[in-house]
Undergrad: 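Following this message is one structure expressed as structure tokens.
Bear in mind the structure is a predicted one, so any value in this text is a computation, not a measurement. Labels below follow one simple rule: chain letters A, B, ... track the order of the sequence lines, proteins then strands, and each chain is numbered from 1.
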There are 2 protein chains.
Amino acid sequence: METTYSIADISNETGLSIDVIRYYERIGVLPAVKRKENGHRAYSKSDLARFTFITQLKRTQMPLKEIERYIRYYNEGDFEACYRTLHAHKLGIERQLAELHDILGVMNYKLENYQQLIQSKE
Amino acid sequence: METTYSIADISNETGLSIDVIRYYERIGVLPAVKRKENGHRAYSKSDLARFTFITQLKRTQMPLKEIERYIRYYNEGDFEACYRTLHAHKLGIERQLAELHDILGVMNYKLENYQQLIQSKE
DNA sequence: GTAATACCTGAACCATGGTTAAGGTCAAGC
DNA sequence: GCTTGACCTTAACCATGGTTCAGGTATTAC
């Protein structure tokens, strides 16, 4: 009664294209998984959970190399390294959030200027 | 009494490397500026202000092509297009902020797990 | 005069993150 | 038995965003 997922299922769940999933596996970002007799990849539930988290890391602009390193630490059981990597990355995201927030302010100011410019021309 | 800035000054103010400034000029992202008699670029105060804003856009991951398009609209006096471009981009940033925020939540959860794992091993 | 500094140009090179193409296997439905 | 669909592999190709190199000019400092 083991549920397995095809590569297309994983693509649907994670939003990655099928080609990208194979590419990530090739470069070591997504771990290789079991195959069915016909050679097709058969993903387990825990594979899916892992992949979901990895794609979340990717959405935060974590470079593939760093994701790969993180995965490696995890596979080696070096959870302190996992912690450190994740924590450092989190600080980076927080800095980025703060910066984006500031820039939004600048953009709002510019947008107002443009609005006035446009209205005064009508 | 016109203040001008060298390319090194602009590099210091914007955080872009000198090479990148020349590269951006080449691909049309940063407008070309006046030269001194010796051929060196002489940036004005308004150039600096523009470049600062452009580098802010870049920090929000706006692609160089889109920045270039925005600059073009501006030079053509098409402020409505400027407005639209900026506004659309702003919505994108807001979506990204929301997503990053969610993922931070996931990361905090993971970090806690790792902490417990690490402490239980000590 | 010569060295160091600051800039200039054009062109080659590079890293990252994919995408596409060519050719093949396997199972299901008609 | 043949087409369709889902998957497979290897390898070439591509876009973006730079970086580096080679060779040259002008200014200042000694």
Side-chain angles (χ1 to χ4, degrees), chain A residues 3-44 47-48 51 53-72 85 89 92 96 99, chain B residues 3-44 47-48 51 53-72 85 89 92 96 99:
Chain A
T3 330
T4 69
Y5 302 87
S6 71
I7 196 166
D9 295 333
I10 300 293
S11 172
N12 287 332
E13 295 292 333
T14 62
L16 302 175
S17 80
I18 289 178
D19 284 323
V20 167
I21 294 171
R22 284 195 284 244
Y23 168 66
Y24 282 5
E25 181 181 312
R26 179 151 44 89
I27 65 174
V29 163
L30 295 183
V33 297
K34 287 190 184 161
R35 302 300 183 106
K36 296 197 281 186
E37 301 85 53
N38 59 11
H40 291 196
R41 290 166 180 81
Y43 297 89
S44 72
D47 288 332
L48 176 56
F51 291 4
F53 182 56
I54 289 170
T55 57
Q56 282 172 335
L57 289 181
K58 209 202 44 134
R59 277 193 217 113
T60 67
Q61 265 91 57
M62 185 183 273
L64 293 176
K65 278 193 182 167
E66 200 172 334
I67 296 181
E68 192 259 309
R69 204 147 36 87
Y70 171 76
I71 297 289
R72 198 145 28 80
T85 304
H89 188 62
Q96 209 198 333
E99 191 175 23
Chain B
T3 329
T4 68
Y5 303 86
S6 70
I7 196 166
D9 296 333
I10 300 292
S11 172
N12 287 330
E13 295 292 333
T14 61
L16 301 175
S17 81
I18 290 179
D19 284 323
V20 166
I21 294 170
R22 284 195 285 246
Y23 168 65
Y24 282 6
E25 181 181 312
R26 179 150 44 88
I27 65 174
V29 163
L30 295 183
V33 296
K34 286 187 183 162
R35 303 299 184 107
K36 295 197 285 190
E37 303 85 51
N38 59 10
H40 291 195
R41 290 167 180 80
Y43 297 89
S44 72
D47 287 333
L48 176 55
F51 291 5
F53 181 56
I54 288 169
T55 56
Q56 282 171 336
L57 288 181
K58 209 202 44 130
R59 276 193 216 113
T60 67
Q61 267 91 57
M62 186 185 271
L64 293 176
K65 278 194 181 166
E66 199 173 335
I67 295 180
E68 190 261 309
R69 203 145 38 87
Y70 171 76
I71 297 289
R72 197 144 30 79
T85 304
H89 189 63
Q96 211 198 332
E99 190 175 23

Undergrad: Would you kindly give the CZ-to-P distance between A/Arg26 and D/dA11, to the nearest whole Å?
TA: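 For the pair A/Arg26 CZ and D/dA11 P, the rounded distance is 10 Å.
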
Undergrad: Does A/Arg22 make a side-chain N or O approach to OP1 or OP2 of D/dC8 shorter than 4.0 Å?
TA: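 The answer is yes; a side-chain N or O of A/Arg22 sits under 4.0 Å from OP1 or OP2.
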
Undergrad: Specify the separation, in whole Å, of atom OH of A/Tyr23 and atom P of D/dC7.
TA: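 Atom-to-atom, A/Tyr23 to D/dC7, this comes out as 22 Å.
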
Undergrad: Restricting to side-chain hydrogen bond (donor to acceptor under 3.5 Å, both in side chains), what partner residues turn up for B/Glu68, sequence neighbours left out?
TA: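 In terms of side-chain hydrogen bond (donor to acceptor under 3.5 Å, both in side chains), with neighbours along the sequence ignored, B/Glu68 is linked to B/Arg72.
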
Undergrad: Checking A/Ser44 now: which residues fulfil side-chain contact (heavy atoms from CB on, under 4.5 Å) with it, not counting sequence neighbours?
TA: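 Applying side-chain contact (heavy atoms from CB on, under 4.5 Å) to A/Ser44 gives A/Ser46, A/Asp47.
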
Undergrad: What residue pairs, at least two apart or across chains, pass side-chain hydrogen bond (donor to acceptor under 3.5 Å, both in side chains) with a residue in residues 23-32 of chain B?
TA: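 Residue pairs with at least one partner in residues 23-32 of chain B: B/Glu25-B/Arg41.
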
Undergrad: Apply side chain to side chain contact (heavy atoms under 4.5 Å, CB included) to residues A/Leu16 and A/Ile10 and explain how you reach the verdict.
TA: CA-CA 8 Å; A/Leu16 302 175; A/Ile10 300 293; over 6 Å; no

Undergrad: Could you give the start and end, 5' to 3', of the contact zone on DNA chain C for chain B, using atoms under 4.0 Å from its heavy atoms?
TA: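 Range of nucleotides touched by chain B: C/dC7 to C/dT9.
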
Undergrad: Have a look at B/Ile27 and say if it touches a base, only the backbone sugar-phosphate, or nothing, with a 4.0 Å heavy-atom cut-off.
TA: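 No contact.
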
Undergrad: Who pairs with B/Glu13 by salt bridge (charged side-chain N to carboxylate O under 4.0 Å, His left out), at least two apart in sequence or on another chain?
TA: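 Result, salt bridge (charged side-chain N to carboxylate O under 4.0 Å, His left out) vs B/Glu13: none returned.
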
Undergrad: Would you jot down, in residue-number order, the residues of residues 33-40 of chain B having a non-hydrogen atom under 4.0 Å from DNA chain D?
TA: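 Only B/Asn38 qualify.
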
Undergrad: Quick one: side-chain hydrogen bond (donor to acceptor under 3.5 Å, both in side chains) partners of A/Tyr70, sequence neighbours excluded?
TA: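 With neighbours one apart ignored, the set is B/Tyr114.
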
Undergrad: Would you please name every residue forming a side-chain hydrogen bond (donor to acceptor under 3.5 Å, both in side chains) with A/Tyr43, sequence neighbours left out?
TA: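 A/Tyr43 satisfies side-chain hydrogen bond (donor to acceptor under 3.5 Å, both in side chains) with no residue once adjacent residues are dropped.
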
Undergrad: How close do B/Arg22 and B/Ile7 get, counting heavy atoms only, and between which atoms?
TA: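 Taking B/Arg22 first and B/Ile7 second, the nearest heavy atoms are CG-CD1, 3.6 Å.
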
Undergrad: Would you please name every residue forming a side-chain contact (heavy atoms from CB on, under 4.5 Å) with B/Asn12, sequence neighbours left out?
TA: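 None.
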
Undergrad: Can you pull out the residues from residues 8-19 of chain A that lie within a 4.0 Å heavy-atom distance of DNA chain C?
TA: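 Correct list: A/Ser17, A/Asp19.
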
Undergrad: What is the separation between atom CD1 on B/Ile21 and atom P on D/dG18, rounded to the nearest whole Å?
TA: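 Result: 12 Å.
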
Undergrad: For the pair made of CD in B/Glu68 and C1' in D/dG18, what is the distance, rounded to whole Å?
TA: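 Taking CD of B/Glu68 and C1' of D/dG18, I get 17 Å after rounding.
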
Undergrad: Apply salt bridge (charged side-chain N to carboxylate O under 4.0 Å, His left out) to A/Asp9 and list each qualifying residue two or more places apart in sequence or on a separate chain.
TA: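 Result, salt bridge (charged side-chain N to carboxylate O under 4.0 Å, His left out) vs A/Asp9: none returned.
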
Undergrad: Residues in side-chain contact (heavy atoms from CB on, under 4.5 Å) with A/Thr60, at least two apart?
TA: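 Partners of A/Thr60 by the side-chain contact (heavy atoms from CB on, under 4.5 Å) criterion, ordered by chain and then number, come out as A/Met62, A/His89, A/Ile93, B/Leu100, B/Ile103.
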
